Amino acid sequence: MKKIVSLILVFATLVVCCSCGATGDDTLSLTAMNTVMQITVFNNSKAENERVKGLLSDRIMDIDRLMDVNNPESDVYIINNGKAGSDISVSPETADIIAKSLEATQLTDNSFNIAVMPVVKLWGFHDGTYGVPSKENINKALSYVKPNGITVNTDNSVKKSMGVEITLGGIAKGYLGDELLKITKAEGVTALLSLGGNIVLCGDKADGSLWSVGVKNPHDDQGLACSFKSKGNKSVVTSGGYERYFEYGGKTYHHIIDPKTGYPAESNLLSVTVIGECGALCDAYSTGLYVMGKEKAVAFAKENNSFDFVFITTDNEILYTNGVAEIELSDNAFTLTAIQ
Ligand code: AMP
Ligand code: MG
């Protein structure tokens, strides 16, 4: 029987921030995917900026409509409520993101798994009805969390086995960033997209300098742990248990579920930041590597050279891969170590 919690805390704040000399005049804020997003377009006339911001916000709303787990018209809702064993038609974007999710599931040894939805629902993270489920219910829900419980067909349809439900919460913002980057590239503009914890650095800055990115201090909502520099056309995605959680009986329960146990991952990482050209995979990896914990995540980082990583451990160590440029501490409570 699910218990209703007496105290609910939800944090959904930006995790990575950037400085880029923006005046703020050309920043559009909007709410989508249950978070506040900000779009800043540089280098053009005011009218041009407005036009590009319009294209970007339309695309955000389109993708949000497809992937919102609580919207009865969304592809995800239709999949979750669809018949097991039959072909369920979806948009090309949904077929694409599910295919990328399945690739990430394989590469993270099931630590990232969109089929974790029955467990996410039990804990109430899909709609804010938080509660601590019974072990019996967790085990029942876990029986539907199969990595191969959903398949994508070539004709933009998917097939699922009985009881399988998906959440794209761990990858959708990263995928959205990739779609928005396609637009800024086609329009030839420089832009900074802040998608609720995910950052997309679109193009290079006009003065030729690198973008500056700050990684949030997991212990201090207002502060940074470290900062680094990055070239443009990259996504920077952070996952951490502090981003969203509730408290019950003196214990904290966060939103990143270990698909092996059905409980919030007991990670020795406080946050995982992934930097790379494919925002969807950065997002999936940030969630999956948080679940893996430090040792497996470091081994994963050593083997995946096309991405860069910044890990903050529960011992306040900041571990980073060699491609992270000019990394500096913002708070001396942390130590900085390169992953060799
Ligand atoms: P993120 O903030 O990118 O780490 O994603 C967390 C969100 O992804 C949660 O709110 C859930 O909707 C979903 N999720 C939780 N655990 C997992 C997991 N192990 N694999 C995939 N998605 C997950
Ligand atoms: Mg993620």
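Predicted model, so just to flag it, every value in this text is computed and none were measured. Note that ligands are numbered from 1 as they come in the structure, with each ligand's atoms numbered from 1 the same way.
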With ring centroids as reference points, do [X] and [Y] lie under 6.0 angstrom apart?
{"X": "Y285", "Y": "F307", "value": "yes"}
{"X": "Y130", "Y": "W123", "value": "no"}
{"X": "Y242", "Y": "H255", "value": "no"}
{"X": "F309", "Y": "F311", "value": "yes"}

*Note: K100-D96 ion pair, threshold 4.0 Å (strictly below)*: yes
_Residues D221 and K216 bridged, charged N to O under 4.0 Å_ = yes
*side-chain hydrogen bond (donor to acceptor under 3.5 Å, both in side chains): pairs with one or both residues in residues 331-340, sequence neighbours excluded*: N217-D331
*Taking the six-membered ring for Trp, are F246 and F125 parallel (under 30°), tilted (30 to 60°) or perpendicular (over 60°)?*
tilted
Give every pair formed by an N or O atom of ligand 1 and a protein N or O atom closer than 3.5 Å, one pair per line with both atom names and the distance to 0.1 Å, or write none.
{"unit_1": "ligand 1", "atom_1": "3 (O)", "unit_2": "D283", "atom_2": "OD1", "d": "3.0"}
{"unit_1": "ligand 1", "atom_1": "3 (O)", "unit_2": "T287", "atom_2": "OG1", "d": "3.0"}
{"unit_1": "ligand 1", "atom_1": "4 (O)", "unit_2": "S239", "atom_2": "OG", "d": "2.6"}
{"unit_1": "ligand 1", "atom_1": "4 (O)", "unit_2": "T287", "atom_2": "OG1", "d": "2.7"}
{"unit_1": "ligand 1", "atom_1": "8 (O)", "unit_2": "G170", "atom_2": "N", "d": "3.1"}
{"unit_1": "ligand 1", "atom_1": "10 (O)", "unit_2": "H255", "atom_2": "ND1", "d": "3.1"}
{"unit_1": "ligand 1", "atom_1": "12 (O)", "unit_2": "T167", "atom_2": "OG1", "d": "3.2"}
{"unit_1": "ligand 1", "atom_1": "16 (N)", "unit_2": "I257", "atom_2": "N", "d": "3.0"}
{"unit_1": "ligand 1", "atom_1": "19 (N)", "unit_2": "S111", "atom_2": "O", "d": "3.0"}
{"unit_1": "ligand 1", "atom_1": "19 (N)", "unit_2": "I257", "atom_2": "O", "d": "2.8"}
{"unit_1": "ligand 1", "atom_1": "20 (N)", "unit_2": "N113", "atom_2": "N", "d": "2.9"}
{"unit_1": "ligand 1", "atom_1": "20 (N)", "unit_2": "N113", "atom_2": "O", "d": "3.4"}

*Pairing residues for K294 by the side chain to side chain contact (heavy atoms under 4.5 Å, CB included) criterion, not counting sequence neighbours*: N268, L269, V298, T313, E317, L319
*Determine how many protein N/O/S atoms sit closer than 2.8 Å to the Mg ion (ligand 2), leaving waters out since they are not shown.*
4
